[in-house]
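Naming convention: chains lettered A, B, ... in sequence-line order (proteins, then strands); numbering from 1 in each chain.
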Amino acid sequence: MPAADYHYDPAEIEPRWQRVWADEGTWEVDNDDAGEGPTSYVLEMLPYPSGEPHIGHLKVYSVGDAVAHFHRRTGRRVLHPMGYDAFGLPAENHAIKTGQHPRDSTDAAIKEFQRQFRRWGVSIDWTREFGTHEPRVYRWTQWIFLQLFKHGLAYQKEAAVNWDPVEETVLANEQVVDGRGERSGALVEVRQLKQWFFRITDYADRLLSELDSIRWPEHVKTMQRNWIGRSEGAEVVFRNEDLDPAHPIDYAVFTTRPDTLFGATFFVMAPEHPDVLRLAAGTEHEDEVRAYVNHSLTADKTMRGDVDKPKTGVPLGRTVTNPVNGKQLPMYVADYVLMEYGTGAIMAVPAHDDRDFAFAQAFDLPITRVIEGPDDVLPYSGDGPLMNSAAEFDGLHNRAALEAIVQWLEREGKGHLSVNYRLRDWLISRQRYWGTPIPIIHCPTCGAVPVPDADLPVVLPDVEDYKPRGRSPLAAAEDWVRVDCPQCGGAAKRETDTMDTFVDSSWYFLRYCDAANDEAAWDPAVVARWMPVDQYIGGVEHAILHLLYARFFTKALADLGHLPAEIQEPFAALFTQGMILRDGEKMSKNRGNVVSPKTLVERYGADTARSYILFIGPPDQDADWSDSGVEGMQRFLGRLWRMSAEAADELPDHPVPEIDPARPDDERIMRKAHWAIDKVTSNMSERFNFNTAIAAVMELLNEVTPAKRGAASPGAVRFVLSSAASLLFPFAPHVSADAYHLLTGERVWEQPWPSADREFLETPTFELVLQVNGKVRDRVQAPSQASREELVALAHGSERMTQFIDGSEVVKEIVVPGKLVNVVIRPARSAV
RNA sequence: GCCCGGGUGGCCGAAUGGCAUAGGCGGGCGGUCUUAAAAACCGCUGUUCGAAAGAGCGUGCGGGUUCGAAUCCCGCCCCGGGCACCA
């Protein structure tokens with residue numbers, strides 16, 4: 001048959017193998033025998049179904065599928081499920097615009113996602129699939145909410161919260177970036193509202209310390225550490241006596257530097273501090289303070305956060321007493337003090353704090369240095385011995401003084417050690433329609449009453465109007481809202497807020513383990529077989545939000561006894577993939593530079609698209625898309641398939657592998673094959689170096705092109721080709737399965753991962769690099785077993801070497817066995 | 001300002017103390033096939049000098065350590081990301 005008849009046709013090959021996998025349920029795993037042998041849970045972050053998948057989805061599932069296949073073929077039973085983060089604002093905003101029910105647009109998007117994921121040939125266990133918007137699923141989201149509620153981890157409080165005026169809902173702190181709504185980009189407003197929170201701050205310490213137990217990228221851990229923001233210090237009490245001498249008021253402040261307490265020269269409160277107006281009342285500053293507070297509360301939050309903004313503030317006309325030296329410190333209100341952190345009031349030590357220094361200069365306040373430094377420059381925030389403090393502390397190093405001063409405060413009842421966090425409780429209620437209803441009934445007599453478990457799910461009712469009008473659209477479903485109180489039977493009303501969609505994604509990975517369970521959210525014994533996720537894969541944009549919330553849920557659920565106690569972390573290992581760019585920019589419809597996976601797969605096939613995405617560069621880095629690069633990948637896969645098809649037809653009936661001592665090409669290509677097996681295996685198991693793994697298979701294939709293979713035996717060629725197909729299977733499953741089947745009649749996914757044979761990795765000779773003064777001058781073949789002396793002799797035996805050595809004094813000879821000899825010389829006559 | 005990444009041919013990248021540029025893309029040159037061209041396939045291609053053999057130079061910049069540095073150390077520059085009035 002002429003070579004031209006072998007035509008690589010992914011449009012025929014890919015659906016054919018996809019049918020086999022679908023018909024046979026190849027990637028399904030049973031919970032019952034999960035206990036037999038090692039298991040692995042490979043998970044990519046679940047997609048938000050909107051429109052159709054984009055190139056980022058293709059990348060994350062290409063990475064995840066490669067890992068899943070590699071784990072399977074190295075002897076693990078792999079759980080690799082799929083689902084949809086189906087609640088959320090885009091579907092709802094679409095509904096507001098078009099009137100189409102969010103469920104309809106979401107379900108349509110899910111269908112499209114399913115179609116494409118199957119078309120990509122991703123090895124999913126489809127029996128476990130679900131969307132978080134299905135009542136059979138959000139029933140358990142509500143159940144978890146109630147578990148948290150019953151144990152005090154979910155609570156309602158009135159607080160200053162972030163209000164997104166465009167989305168018309170509140171947002172969690174984590175969803176506000178630079179003072180703007182993460183999604184809408186609108187400047188958020190501060191509103192005083194009663195909202196539902198999860199008590200994530202109870203877990204601040206564990207969320208911080210247990211980062212050490214997981215294999216996550218260091219920068220993600222750092223981001224979480226910064227977000228949690230733990231600071232050690234002391235709480236110190238400053239007493240005000242001049243507002244009402246009969247009833248002094250104690251104001252606690254948090255400071256990380258109690259060692260500088262003697263240098264406190266004034267005292268500042270946040271504009272939001274509830275006592276500010278009361279303190280100023282009756283003083284000459286009263287009107288000015290009121291105006292300042294009003295202005296601060298309405299001003300743009302981003303402006304206020306600007307470090308370089310000049311310090312502003314107003315005196316309160318009152319004083320507090322510094323507990324260590326009895327000095328009266330003037331009180332101020334200033335917007336550089338934040339109500340959300342610490343106690344909303346600070347002691348100001350201008351000599352040793354940049355911000356206090358700037359304020360002191362602006363208001364001409366005294367500056368007292370209490371720590372010696374290398375020079376006279378203030379402010380000084382470094383360490384040193386104390387000065388200008390009390391006699392018993394002066395001269396002490398400030399670290400030691402810090403402890404001594406806190407001990408003194410404790411004895412006097414004026415302070416104690418304290419830890420502060422930047423982390424705030426997670427605000428989870430949203431005044432929007434398309435989310436999980438909060439399963440609470442508000443009763444005028446009983447208060448907030450949980451919906452009984454037997455009444456779950458609280459099904460999201462249909463409404464006429466999805467537009468939020470400062471309250472949840474659910475409030476308009478009056479028949480739904482009016483209920484009897486489950487406790488007293490009296491007239492009551494349902495909670496009409498829905499939950500943040502990040503609640504849904506905080507536990508979906510548990511549900512996959514036991515997705516068919518209708519009796520419980522999951523069976524802890526089943527979860528114990530799969531959890532924690534062995535390899536989690538997703539975008540770094542979730543470094544704080546989703547990844548912090550999911551860790552909190554896992555710890556809380558374990559504490560409540562719903563998870564085995566040893567499961568403290570959801571994701572044992574995390575990989576964050578980079579974005580695919582085009583011409584150095586994000587792909588977006590606005591820029592018109594979008595590459596759609598659908599057209600890509602239609603044109604080149606799924607194998608080419610997936611392999612190219614992995615080959616383009618290290619998967620954790622951003623990568624620039626190139627149309628011609630894709631074509632190169634298709635050429636390569638086509639070459640593999642054609643050569644395999646040819647070899648299958650033309651070189652039958654030879655043992656595989658075959659090494660004919662009379663044909664040196666056999667040994668050469670066999671060595672290359674084992675080199676590639678070794679290289680791909682370590683690239684896959686140590687790091688996610690898919691790009692170099694694919695490059696190694698390319699090199700291998702280049703060795704056996706008809707022009708290069710020379711007189712190699714048919715059996716050796718078939719071994720090389722089937723090895724190449726086997727190694728490529730995790731990236732390009734269809735063409736690899738087809739080529740492997742043509743060559744061997746076997747199904748590659750049922751074969752164990754190839755193992756490199758030592759005998760072929762170790763060669764009898766190697767190329768010895770010969771250097772003079774570190775410069776390469778020659779290369780010669782040397783026996784692998786050669787002694788140092790023999791290697792040195794080879795160096796001196798080289799004609800090229802002697803040209804450079806002759807006439808000079810040999811100072812020394814460096815020998816690196818298996819690699820090189822470096823002859824160090826000093827010229828006979830020093831060069832001018 | 002602080003904390004992470006990163007900077008290597010025309011482009012994406014490989015190499016983490018030992019042959020710099022594996023693999024791919026693109027352009028150029030040469031070849032196979034063809035009546036011819038295109039396509040496809042094969043070979044060469046960092047740069048300077050040189051007819052060639054070969055030599056010099058070359059991993060953001062400047063120093064240093066070392067027999068030997070893209071790799072380690074010190075000081076800069078640039079790009080990307082995160083945090084930032086958090087007391």
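Within the 4.0 Å cut-off from OP1 or OP2 of B:A53, not a single side-chain nitrogen or oxygen of A:R800 is found. Of the side-chain N and O atoms in A:N689, none sit less than 4.0 angstrom from OP1 or OP2 of B:G13.
Here the P atom of nucleotide B:G54 and the CD atom of A:Q803 are 10 Å apart, to the nearest Å. Per the geometry, CD belonging to A:E174 stands 16 Å off P belonging to B:G82, to the nearest Å. Remark: P of B:C42 and CZ of A:R639 are 6 Å apart, rounded to the nearest angstrom. Summarising the geometry, the separation between CZ on A:F804 and C1' on B:G56 is reported as 11 Å, rounded to the nearest angstrom. A straight line from CE of A:M223 to C1' of B:G81 spans 8 Å, rounded to a whole angstrom. Atom CZ of A:R777 and atom P of B:G54 are 12 Å apart (whole Å). What separates CZ of A:F575 from C1' of B:G5 is a distance of 14 Å, to the nearest Å. One atom, CZ of A:R687, and another, P of B:A15, lie 6 Å apart when rounded to the nearest Å.
Contacts of A:Q621 classified as side-chain contact (heavy atoms from CB on, under 4.5 Å), with partners at least two apart in sequence or in another chain: A:P618.
Base pairing of B:A14 is not made with any nucleotide, judged by Watson-Crick or G-U wobble geometry with both donor-acceptor distances under 3.5 Å. Under the Watson-Crick or G-U wobble criterion, with both distances below 3.5 Å, B:G9 is left unpaired in every strand shown. Of all nucleotides present, only B:C49 satisfies the Watson-Crick or G-U wobble test against B:G54, with each distance under 3.5 Å. If you check B:G80 for Watson-Crick or wobble pairing at under 3.5 angstrom, you find it paired to B:C4. Base pairing of B:A40 is made with B:U32, judged by Watson-Crick or G-U wobble geometry with both donor-acceptor distances under 3.5 Å.
If you check every strand for non-hydrogen atoms under 4.0 Å, A:V337 touches a base. Counting non-hydrogen atoms under 4.0 angstrom, A:G632 reaches the backbone sugars and phosphates but no base. Residue-level contact check: A:E767 touches the bases, meaning some heavy atom is under 4.0 Å from a base atom. When heavy atoms are screened at a 4.0 angstrom cut-off, A:D356 is found touching no nucleic acid atom at all. Nucleic acid contact class of A:V816 (heavy atoms, under 4.0 Å, all strands): base. Using a 4.0 Å heavy-atom criterion, one finds that A:E631 contacts no nucleic acid atom at all. If you check every strand for non-hydrogen atoms under 4.0 Å, A:R225 touches nothing. In this structure, A:K775 reaches the sugar-phosphate backbone alone: every heavy-atom distance under 4.0 Å involves primed, P, OP1 or OP2 atoms, never a base. The residue A:D354 sits apart from the nucleic acid: no heavy atom pair falls under 4.0 Å.
Comparing B:A87, B:C85, B:A22 by their nearest atom to the side chain of A:A695 picks out B:A22. Among B:C83, B:C85, B:C57, the nucleotide with an atom closest to any side-chain atom of A:I544 is B:C83. Here B:A14 is the nucleotide among B:A20, B:G23, B:A14 with the atom lying nearest to any side-chain atom of A:N691. Distances were taken from every side-chain heavy atom of A:V824 (C-beta onward) to each of B:C67, B:C25, B:C85; the shortest belongs to B:C67. Taking every side-chain heavy atom of A:V769 into account, B:C19 is the closest of B:C25, B:A87, B:C19. Proximity note for A:T692 (side chain, C-beta onward) versus B:A14, B:A87, B:C67: the nearest is B:A14. Among the nucleotides B:A20, B:G18, B:G24, the one closest to the side chain of A:M698 is B:G24. Nearest to the side-chain atoms of A:R635 among the listed nucleotides B:C41, B:C85, B:G24 stands B:C41.
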Show each protein N/O and nucleotides 6-12 of chain B N/O combination with a separation under 3.5 Å, one pair to a line.
{"unit_1": "B:C12", "atom_1": "O2'", "unit_2": "A:I616", "atom_2": "O", "d": "2.8"}

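Between A:Y8 and A:W641, the ring planes are tilted. Angles from 30° to 60° get that label. The aromatic rings of A:F359 and A:F363 lie parallel to each other, their planes meeting at an angle below 30°, with 60° marking the opposite boundary.
The shortest distance between side-chain heavy atoms of A:V821 and A:L794 does not fall below 4.5 Å.
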* To do: Mind running side chain to side chain donor-acceptor pair (under 3.5 Å) on A:E174 and A:W426 for me, showing each step along the way?
  => CA-CA 8 Å; A:E174 288 79 6; A:W426 174 15; 5.5 Å; no

* salt bridge (charged side-chain N to carboxylate O under 4.0 Å, His left out) between A:K672 and A:D665: does it pass, once the steps are laid out? -> CA-CA 11 Å; A:K672 191 71 182 181; A:D665 287 318; over 6 Å; no

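Remark on RNA chain B: of its neighbouring residues A:H219 and A:G774, the 5'-side contact belongs to A:H219, judged by nearest-heavy-atom nucleotide. Nearest-nucleotide positions on RNA chain B place A:E218 closer to the 5' end than the other of A:E218 and A:N702.
With both ends at atom P, the span from B:A37 to B:U21 equals 36 Å, rounded to whole Å. Taking the C1' atom of each, B:C78 and B:C72 are spaced 22 Å apart, rounded to whole Å. Of the C1' atoms belonging to B:U59 and B:A20, the separation is 8 Å, rounded to the nearest Å. Of the P atoms belonging to B:G13 and B:G62, the separation is 24 Å, rounded to the nearest Å. B:U8 and B:A22: their C1' atoms are spaced 13 Å apart (whole Å). One P atom belongs to B:G10, the other to B:U48, and the distance between them is 10 Å to the nearest Å. Taking atom P in both B:G23 and B:C77, the straight-line distance is 38 Å, to the nearest Å. With C1' as the reference atom, B:C49 and B:C42 are 31 Å apart, rounded to whole Å.
Between the A:R369 side chain and the A:L378 main chain, no donor and acceptor come within less than 3.5 Å of each other.
For A:K311 against B:C85, a side-chain-to-base donor-acceptor contact under 3.5 Å is present. The base of B:C67 is paired with the side chain of A:N822 by a donor and an acceptor separated by under 3.5 Å.
Closest approach of A:T681 and A:I677 over heavy atoms only: OG1-O, 2.5 Å.
In A:R687, the CZ atom is not crowded: 12 or fewer heavy atoms of neighbouring residues, nucleotides or ligands sit closer than 6.0 Å.
Side-chain polar atoms of A:S231 and A:N420 form no donor-acceptor pair below 3.5 angstrom.
Taking a cutoff of 4.0 Å between a charged side-chain nitrogen and a carboxylate oxygen, A:D335 and A:K309 qualify as a salt bridge.
To the nearest 0.5 Å, atom CZ of residue A:F804 and atom CG of residue A:L770 are 12.0 Å apart.
Syn is the conformation of B:G9, whose glycosidic angle sits no further than 90° from 0.
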